[in-house]
Asker: 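I'd like to ask you about the structure that follows.
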Amino acid sequence: MALLEELKKGITGEVSDASDERAKYAHDTSLFERTPSIVVYPKNADDVSTLVREVAKAKDAGEDVSVTARAAGTCMSGGSLTRSVVAVFTKYMNKVREVGSDYAVTEPGVYYRDFEKETLAKGLILPSYPASRSICAMGGIVNNNSGGERTLEYGKTEKYVQEVEVVLSDGTQTTFKALGPDELEAKKKQQDLEGEIYRRMSDLLISNRELIESHRPKVSKNSAGYALWNVLDTENGTFNLAKLICGAQGTLALMTSAKLGLVKPRAHRAMLVVFLSDLNVLPEVVRRVLPFHPESFESYDDHTLSLAVKFLPQMLSQMGLLSAIRLGFAFLPEVGLVLKGGVPKLVLMAEFAEDTIEAADKKAIAARDALADLKLPMQIEKNETQAEKFWIVRRESFALLRKNLKGLYAAPFIDDFVVPPDTYPKFMPELNALLAKYDLIYTIAGHIGNGNFHIIPLMDLAKPETKKVVLELAPLVYDLVIKYGGTTTGEHNDGIIRTPYLGQLFGDEMTRLFRETKHIFDPKNIFNPGKKVGGTFADIEDSFLKKK
Ligand SMILES: Cc1cc2nc3c(=O)[nH]c(=O)nc-3n(C[C@H](O)[C@H](O)[C@H](O)COP(=O)(O)OP(=O)(O)OC[C@H]3O[C@@H](n4cnc5c(N)ncnc54)[C@H](O)[C@@H]3O)c2cc1C
């Protein structure tokens with residue numbers, strides 16, 4: 001293949017078409033598999049430029065090629081899967097370049113766990129880290145617009161992305177950042193692809209302002225579509241294309257570094273844990289707790305807890321001996337619940353963060369008092385060590401499912417929708433009635449304070465009806481979510497699994513703008529095709545995991 005030879009000649013990093021290398025990148029944590037034809041490990045931004053130029057050239061010459069970026073490959077929507085060229089950033093482009101007084105500059109291949117070590121050394125964090133914090137990397141966090149347990153208080157990654165260095169679809173390297181009116185005019189005058197992007201994107205955003213504004217998501221988290229509503233900052237009078245790259249899944253440009261705002265986390269936390277046996281009371285609990293402004297308000301269900309207890313030794317074996325012993329004892333009450341059959345249907349964790357332990361505790365007590373007449377079992381964990389076991393179960397919920405159920409696969413396809421929490425009383429019974437029509441075992445965990453549910457059915461992928469259920473149930477759930485003003489994905493993004501539903505969510509006019517945006521940035525359609533724009537239901541069927 002001509003492209004392979006050109007890449008081998010031009011790239012200083014590594015290029016391979018060996019089958020074992022290609023097989024490493026055929027999966028992420030989605031329902032899909034696609035084996036790339038070529039693996040590239042770029043060493044620097046120049047390598048990325050060379051890669052993009054060669055792919056564009058090969059496409060001009062009639063080859064059916066494209067390039068898809070991959071950071072740690074933990075995406076649940078299939079965002080980093082491709083049958084063409086995959087660019088893997090974790091091998092070489094994995095340095096934190098700078099940690100300043102309230103920001104950090106990072107390459108895309110840095111694992112979050114390493115990034116956090118460096119920011120914490122200065123007492124700072126990126127508060128939008130996802131639950132996959134120990135396995136994911138910065139390129140994925142930015143390009144999926146990730147959120148997590150602290151998003152309720154601090155917002156998603158889109159809020160923290162200040163600048164991105166990118167390679168455009170003609171191989172040009174540039175930086176997208178907030179531009180004032182004069183700087184924007186100067187950019188628009190450039191006679192190159194970057195100038196064209198600024199001219200046409202600013203026309204598109206200004207002439208469709210009302211349409212875009214009316215489709216700004218009404219819920220507190222969204223990763224669906226292109227975030228056209230985030231580019232113009234009317235308050236500061238700035239225009240920032242970095243905000244559009246955030247969440248675009250590498251379909252508009254390849255990111256080679258990002259400047260991210262950081263915050264100083266509050267020092268102390270207290271957690272109110274509420275055990276629910278009756279889900280009907282959930283809406284009222286959430287309504288009463290939210291006014292106390294928990295930093296996190298998370299949940300996991302009875303299936304998750306039972307799995308955690310069943311696989312406790314494996315979970316604890318990943319920790320040091322002392323932590324494992326301490327946590328082993330801490331879990332004894334849960335072991336008792338499972339043995340006696342008294343596992344609550346849902347465990348809710350509302351964590352309050354303050355500068356002193358007394359202030360955090362006071363808030364947790366006030367929230368507990370506000371629930372007193374509901375007569376629910378509750379407890380307050382007065383510090384982070386006591387709360388740790390709840391966090392372990394919550395953060396491990398998906399991993400527990402993936403690793404431990406032989407024959408059944410944790411199938412993410414209605415895994416991430418969001419509805420406004422004040423719609424729970426009407427939404428939840430309708431959702432339950434819909435799910436009851438299907439013979440599914442599923443777990444529910446999620447960011448209950450944001451209305452962001454992770455419902456993960458356990459399915460046998462060898463059965464032909466599994467595909468049918470995936471394609472039949474998802475649009476029904478999304479109809480319901482849309483009816484209540486929600487979105488199809490709060491953080492896991494569109495990828496292969498949700499791109500075909502963007503029309504259902506946003507309507508024809510907005511999806512036309514998404515197509516135009518894609519065309520302005522990537523007229524040859526070489527960046528991660530079929531994600532965000534052009535993805536079909538046939539793609540879902542074709543890429544379905546064969547077995548697991
Ligand atoms: C157990 C578990 C829990 C999870 N919990 C959460 C959660 O709480 N919140 C959440 O948001 N997600 C969650 N996820 C999903 C996923 O882990 C996150 O979205 C994560 O941020 C993806 O990072 P990654 O490095 O694995 O990205 P990848 O899977 O490698 O890539 C994700 C997307 O970003 C694009 N991309 C990567 N690097 C670049 C680049 N340099 N330039 C352009 N595009 C690029 C890829 O093409 C792809 O479309 C979870 C996943 C698992 C397995």
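Not measured: the values here are computed from a predicted model. For ligands, and for the atoms within them, numbers begin at 1 and follow the listed sequence. Quick note: numbers below take in every heavy atom, side chains included, and nothing from hydrogens, waters or symmetry partners.
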Asker: With a 4.0 Å cut-off on N to O distance, would you call Glu107 and Lys95 a salt bridge?
Answerer: no

Asker: May I ask you to check whether Glu491 has an N/O atom sitting below 3.5 Å from an N/O atom of ligand 1?
Answerer: yes

Asker: Please determine if Glu14 and Lys43 form a salt bridge, counting it only when a charged side-chain N lies under 4.0 Å from a carboxylate O.
Answerer: no

Asker: Counting only N and O atoms by type, is there a donor-acceptor contact under 3.5 Å from the side chain of Asn240 to the main-chain atoms of Gln162?
Answerer: yes

Asker: When you measure from atom 21 (O) of ligand 1 to every protein heavy atom, which one gives the shortest distance, and what is it?
Answerer: Ser146 OG, 2.8 Å

Asker: Would Arg269 and Glu295 pass as an ion pair if we require N to O under 4.0 Å?
Answerer: yes

Asker: At less than 4.0 angstrom from any non-hydrogen atom of Gly73, what atoms of ligand 1 do you find?
Answerer: 24 (P), 26 (O), 28 (P), 29 (O), 30 (O)

Asker: Nearest protein heavy atom to atom 36 (N) of ligand 1, by residue and atom, and its distance?
Answerer: Asn143 CB, 3.7 Å

Asker: For a quick check under 3.5 Å, do Lys59 and Asn525 share a side-chain donor-acceptor pair by atom type?
Answerer: no

Asker: Suppose I only count heavy atoms of Gln249 and a 4.0 Å limit; which atoms of ligand 1 are within that range?
Answerer: 47 (O), 49 (O)

Asker: Taking atom 46 (C) of ligand 1 as the point of reference, which of Cys75, Ala69, Gly78, Gly250 owns the nearest heavy atom?
Answerer: Ala69

Asker: Is it the side chain, the backbone, both or neither of Asn528 that has a heavy atom closer than 4.0 Å to ligand 1?
Answerer: side chain

Asker: Short list, please: which atoms of ligand 1 are under 4.0 Å from a heavy atom of Gly139?
Answerer: 36 (N), 37 (C), 38 (N), 39 (C)

Asker: Do Lys221 and Glu491 sit within salt-bridge range, that is, some charged N less than 4.0 Å from a carboxylate O?
Answerer: yes

Asker: Which protein non-hydrogen atom lies closest to atom 8 (O) of ligand 1, naming both residue and atom, and how far is it?
Answerer: Ala131 N, 2.8 Å

Asker: What is the closest protein heavy atom to atom 14 (N) of ligand 1, and at what distance does it sit?
Answerer: Ser132 OG, 3.6 Å

Asker: Answer yes if the side chains of Asn222 and Thr487 hold a donor-acceptor pair under 3.5 Å, and no otherwise.
Answerer: yes

Asker: I want to confirm something. Looking only at heavy atoms, which of Asn493, Thr157, Thr74 is nearest to atom 26 (O) of ligand 1?
Answerer: Thr74

Asker: Regarding atom 33 (C) of ligand 1: of the candidates Asp494, Asn144, Val166, Thr489, which has the closest heavy atom?
Answerer: Asn144

Asker: Please state which part of His492 comes within less than 4.0 Å of ligand 1, counting heavy atoms only: side chain, backbone, both or neither.
Answerer: side chain

Asker: Given the rule in the ring pair (Phe, Tyr, Trp, His ring centres under 6.0 Å) test, do Phe417 and Tyr501 qualify, once you have shown the distances and angles that lead to the verdict?
Answerer: CA-CA 12 Å; Phe417 60 80; Tyr501 298 106; over 10 Å; no

Asker: Ignoring hydrogens and geometry, is there a side-chain-to-backbone donor-acceptor pair from Asp539 to Gly535 under 3.5 Å?
Answerer: no

Asker: State the atoms of ligand 1, each with its element, that fall below the 4.0 Å cut-off from a heavy-atom position in Phe89.
Answerer: 41 (N)

